[in-house]
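Remarks on the structure that follows.
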Amino acid sequence: MSVVTVQLGQCGNQIGPELFSTVYEDSTGAGRKTYQESSRERFFWETSDGVLVARSVLVDMEPKVISQAVAKASKSGKWRYGEKAHFCQKQGSGNNWANGYCVHGPRHKESVEDLVRREVERCDRLAGIFAMMSVAGGTGSGVGTFVTQCLRDMYPQAFILNHLTWPYGTGEVIVQNYNSVLTLSRLYQLSDALVVHENDTVHKICSRLMNIKHISIGDINKVIAHQLGSVLQPAYTGDSPSNYSRNPIGELLSSLVCHPEYKLLSLCNIPQMSHTSLAYSAYTWPGLLKHLRQMLIANARMEEGIDWKVCVPSSRGDSVRTGQMGFNRSLANLMILRGKDVSSADAGAFKDPALYVPWLPPDGTFSLWNSPVPFNGYEKSASLVSNSQSLLKPLDNMVRKAWNMFVSRAYMHQYTKFGISEDDFLDSFTTLEQIISSYSHL
Amino acid sequence: MTQSVVVQVGQCGNQVGCRFWDLALREHAHVNKKGIYDEALSSFFQNVDPRRSDGGGGGATGSRISGLRARAVLVDMEEGVLSEVLQGPLRQLFSTTQLISDVSGSGNNWAVGHHSYGSVYREQIVDQVRRAAEQCDCLQCFFIIHSMGGGTGSGLGTRVLKLLEDEFPEVCRLVTAVYPSAEDDVITSPYNSVLAMRELTEHADCVLPIENQSLVDIVSKIQHMAHTGKPGSVIKKDSTIISGQGGVAKTEKPFDAMNNIVANLLLNITSSARFEGSLNMDLNEIAMNLVPFPRLHYLVSSLTPLYTLADVNIPTRRLDQMFTDAFSKDHQLMRADPKHNLYLACALMLRGNVQLSDLRRNIERLRPTLSFVQWNTEGWKTGLCSVPPVGHTHSLLALANNTCVKPSFMELRERFVRLYRKKAHLHHYLGVDGMDVSGFSEALSSLTGLIDQYSQLDSTNTAPSQDPPRLNIAC
């Protein structure tokens, strides 16, 4: 079963090649034949002369980033993008969601749909569509939302998972909160789940854990690709305990998204460090899992600076009080363990019903995948995909800032010009306030 | 890759424009060593066969350069400057059809430029612009350059602006407007400027106001530094933003130093559209991010560093100094102090060896010292372009939408009112076909309205900042 990736806008087209490089490198090497076969089938197809081609469609409204991505892949000599798998225009969307969604999207609907259809038809079986984009700019967010809508219409039964990069709190695009609000509110109706990376968090990982002095966009994208790869690479799952699962996206969704009101997924992993320190590090499964559990309940996205004082409320009555203590309540968690002695790891601590909302059956809240193959050079590593309150605060900040701007109607003329009205904004705000309210009352 | 067309109007507009073309050629020659007509060159230049007069036959991007032609229309109502262009070293950049001129000038009268010449040359100008536009693969932006004080630049320049809006409504219009200093020798310059401003306010997407006096100050500051250079802090040759060294113009003319600053501004603002970078900033993103309300589109610009010292080591401190300077009063191309006024939005366009983390560190560092309007406290837009300007390792262009433009506009209004109260020189204007006295009162009230809008924003700043109540939903 294969996953078709759709890379949208500058951000999607920068993270995309990193992801393919990561999964390619990770699945290359001795002693991992079935792992490799499974990974290759999932992400690549092979031409008649044996070249690996990414199962990916590249879409952008300006040519520079796509040509970099295509060139970088060909230069690797290991894999490449499909020769006719990209679509670009000359002039970007100018950071304007309305321009992307109302103008560029509809104008190029057919061309993009054709590319996706071709890629989907190449799969023996489609495991799902993975659409990568940022929410801040105009193309990723605006065209990305429009394309997701087309995908939903074309493949009503397929799994669609969106990967969203949330912008830095400040400094990228001034209207980023407007664009984010418009994107999220619509994607929430279209997509099966939204996997979110926040640039601020990843930036911290680069500076504190990876010890990178001058952090570039490339460094940020590598970390995101590493985390995504750790989830998307082949693993043994609940449904498929003795063979690598052939339904990764479906199983991910069924483990994590139990209710359409809750589909924001966050991602964290452990350990994460620079390659130079990797050689001098030794980890045990109990140690890793203890840290990861605390990261989950204290809502820390990296192992440094975890608040160890946060604890799981002992009874439901406590939760109001502990809610203020920073306890992060989950709906569902999926843990993926990879590496040496993985079967000896004891994940029992993640099954504690007190971590979860009481209205879900206890056996539906936690899932565990594993693979004995060490991931991307880490002897042991653990990733956690979580449907929890952890994105509540950044989402609330985003909506608050957008609303402040909206109250003075700043920048509205730029959106109404392309046909997005004040009422459209109000609808989006309503949707997101509802989501915020739902997550905060867990 | 997108293209832009430059329309330069009047003496000042054409002098600035020609400095731009010279320095743009220098910049591309510096990067493009193989003589290939690349995408970057195509943004402002056409590749043509110099033997053909129709501007064709030069080969598409990727082929060799056979002859470069500027994507430009040059308009002046006197012959002097344009005939100099035709005899000067840049002559091959333009075909004579791209030049539109008359003989008698506008006599420092906005109405003559706007109404008389505007009507006579309307079709010719539109034809030439359309021809330039047809040579573009994807026309993104018009750069209009003119002064505000005289008759041709301000009058005809703003008429061209309106023509472009009518003919090419989709294409962004970015005006570089040079404002006269208070001691300007043109008596009617306040009239011309205020009449022109109404047009700019109504028809431009963005205006980069530049004050003559600021250019004078920056030039003398650099010359002072160059002459008093202490050992170890010698200014590197051809690294100042007033230097035209390396260009094709061999002799320096009186205003060249000042015009080079404006030319550098244009080079930097377009750098991200021409070259690669890890954080692209397209031209259409400027208005989108920096203009929250349609009329408030006047952006104060600053360029740093003004020069590079001949010291090869660049400690972080010096990089940070570049950011600090960009917000200081002395580096603005307008006599204005953004630091002590209210920001509506701010863009930082970086070139050269600057990393994302340098950018983030400096934004964090400077943020507490600046005040932003309550609904846009994080109003930063950033771009990283990997190719630095010639002679520099890195550079920064800051664009501020800031209420600090208000004092200059008020001063201009005062000078206008002083003349207008006595009806001085009015008859020169009212005698022109198409001009009546309501034109003056409407221009004045347009400017007053603009000033009031800035004042209103200023007044929100004194109120305690509190988030407005959020949307309530039924749980």
Side-chain angles (χ1 to χ4, degrees), chain A residues 10 14 61-65 67-68 89-96 99 137-138 168-177 203 206-207 212-220 396 399-401 403-414 417 426 429-434 436-438 441, chain B residues 1-3 39 137-140 172 273 275-294 344-348 353-360 363-364 367 373-382 384 401 457 460 465 467-475:
Chain A
Q10 171 164 4
Q14 283 175 339
M61 289 302 122
E62 61 105 38
K64 277 188 267 188
V65 181
S67 57
Q68 280 165 17
Q89 288 291 298
K90 282 162 186 149
Q91 180 167 358
S93 307
N95 293 159
N96 190 334
N99 190 10
Y168 286 103
T170 174
E172 278 188 78
V173 174
I174 292 180
V175 287
Q176 63 188 28
N177 297 308
H203 195 95
C206 286
S207 76
I212 302 171
K213 271 232 171 64
H214 296 283
I215 300 163
S216 67
I217 307 241
D219 298 319
I220 305 266
D396 189 61
V399 174
R400 176 178 56 81
K401 290 180 201 165
W403 181 255
N404 281 0
M405 209 177 245
F406 182 71
V407 167
S408 42
R409 297 296 185 267
Y411 296 100
M412 284 313 292
H413 68 287
Q414 314 266 23
K417 177 163 92 181
L426 280 172
F429 278 116
T430 313
T431 307
L432 292 185
E433 292 287 5
Q434 182 62 53
I436 290 171
S437 161
S438 302
H441 289 100
Chain B
M1 190 70 86
T2 58
Q3 293 84 34
E39 294 266 353
D137 206 16
C138 176
L139 173 60
Q140 180 166 47
C172 170
F275 301 112
E276 308 201 317
S278 54
L279 211 57
N280 279 331
M281 181 161 167
D282 237 355
L283 287 167
N284 54 0
E285 292 171 18
I286 294 174
M288 179 67 199
N289 283 282
L290 294 179
V291 183
F293 304 108
L344 308 186
C346 182
L348 300 179
N353 183 21
V354 183
Q355 294 302 324
L356 190 64
S357 49
D358 300 321
L359 181 59
R360 304 212 62 78
I363 289 182
E364 289 308 315
R367 214 151 61 131
V373 66
Q374 179 266 337
W375 43 261
N376 207 13
T377 51
E378 287 160 353
W380 298 85
K381 166 72 187 169
T382 52
L384 292 174
N401 195 342
L457 286 163
T460 60
S465 70
D467 285 344
R470 290 264 285 267
L471 195 63
N472 267 323
I473 48 146
C475 291

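In what follows, every chain begins at residue 1, and chains take the letters A, B, ... in the order their sequences are listed.
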How long is the straight-line distance from [atom2] of [Y] back to [atom1] of [X], given to the nearest 0.5 Å?
| X | Y | atom1 | atom2 | value |
| --- | --- | --- | --- | --- |
| A:Ile215 | B:Leu356 | CD1 | CG | 7.5 Å |
| A:Glu172 | B:Glu378 | CD | CD | 12.0 Å |
| B:Arg470 | A:Glu433 | CZ | CD | 4.0 Å |
| A:Ser67 | B:Glu39 | OG | CD | 8.0 Å |
| A:Ser408 | B:Leu457 | OG | CG | 8.5 Å |
| A:Gln91 | B:Gln140 | CD | CD | 4.0 Å |

Nearest atoms (heavy-atom pairs only) where [X] meets [Y]:
| X | Y | value |
| --- | --- | --- |
| A:Ala410 | B:Phe293 | CA-CE2, 3.6 Å |
| B:Leu471 | A:Trp403 | CD1-CH2, 3.7 Å |
| B:Arg360 | A:His203 | CD-CE1, 3.8 Å |
| A:Ser437 | B:Ile473 | CB-CD1, 3.8 Å |
| B:Ser357 | A:Lys213 | OG-O, 3.7 Å |
| B:Asn376 | A:Tyr411 | ND2-OH, 3.5 Å |

Subject >> Heavy-atom proximity to chain B below 4.5 Å, by part of A:Ser438 >> reply: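 Nothing of A:Ser438, per the 4.5 Å heavy-atom cut-off to chain B.
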
Original post:
Non-hydrogen atoms of chain B under 4.5 Å away: do they reach the side chain of A:Ile436, the backbone, both or neither?
Top reply: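 Only the side chain of A:Ile436 comes within 4.5 Å of chain B.
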
Subject >> Any residue meeting ring-ring contact (aromatic ring centres under 6.0 Å, His included) with B:Phe275, in chain and number order, not counting sequence neighbours >> reply: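 If we apply the ring-ring contact (aromatic ring centres under 6.0 Å, His included) test to B:Phe275, skipping adjacent residues, the hits are B:His28.
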
Original post:
In terms of heavy-atom pairs under 4.5 Å with chain B, which of A:Arg400, A:Gln10, A:Lys401 leads?
Top reply: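 Greatest number of close heavy-atom pairs with chain B: A:Arg400.
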
Original post:
Looking at A:Lys417, A:Lys64, A:Glu62, A:Gln68, which one has more heavy-atom pairs under 4.5 Å with chain B than the rest?
Top reply: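 Highest number of heavy-atom pairs under 4.5 Å: A:Lys64.
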
Check whether [X] gets within reach of chain A through its side chain, its backbone, both or neither, counting any heavy atom under 4.5 Å.
| X | value |
| --- | --- |
| B:Leu384 | neither |
| B:Cys172 | neither |
| B:Ala273 | backbone |
| B:Val291 | both |
| B:Leu139 | backbone |

Original post:
Taking only residues two or more places apart in sequence, or in another chain, which ones meet B:Asn289 in a side chain to side chain contact (heavy atoms under 4.5 Å, CB included)?
Top reply: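 Result, side chain to side chain contact (heavy atoms under 4.5 Å, CB included) vs B:Asn289: A:Asn95, A:Val173, A:Ile174, A:Val175, B:Glu285, B:Lys381.
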
Subject >> Top of B:Thr2, B:Asn280, B:Leu348 for chain A proximity - count of heavy-atom pairs under 4.5 angstrom >> reply: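 Looking at each of B:Thr2, B:Asn280, B:Leu348 in turn, B:Asn280 comes out on top.
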
Original post:
Any side-chain heavy atom of A:Val407 within less than 4.5 Å of one from B:Trp375?
Top reply: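 The answer is no; the side chains never approach within 4.5 Å.
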
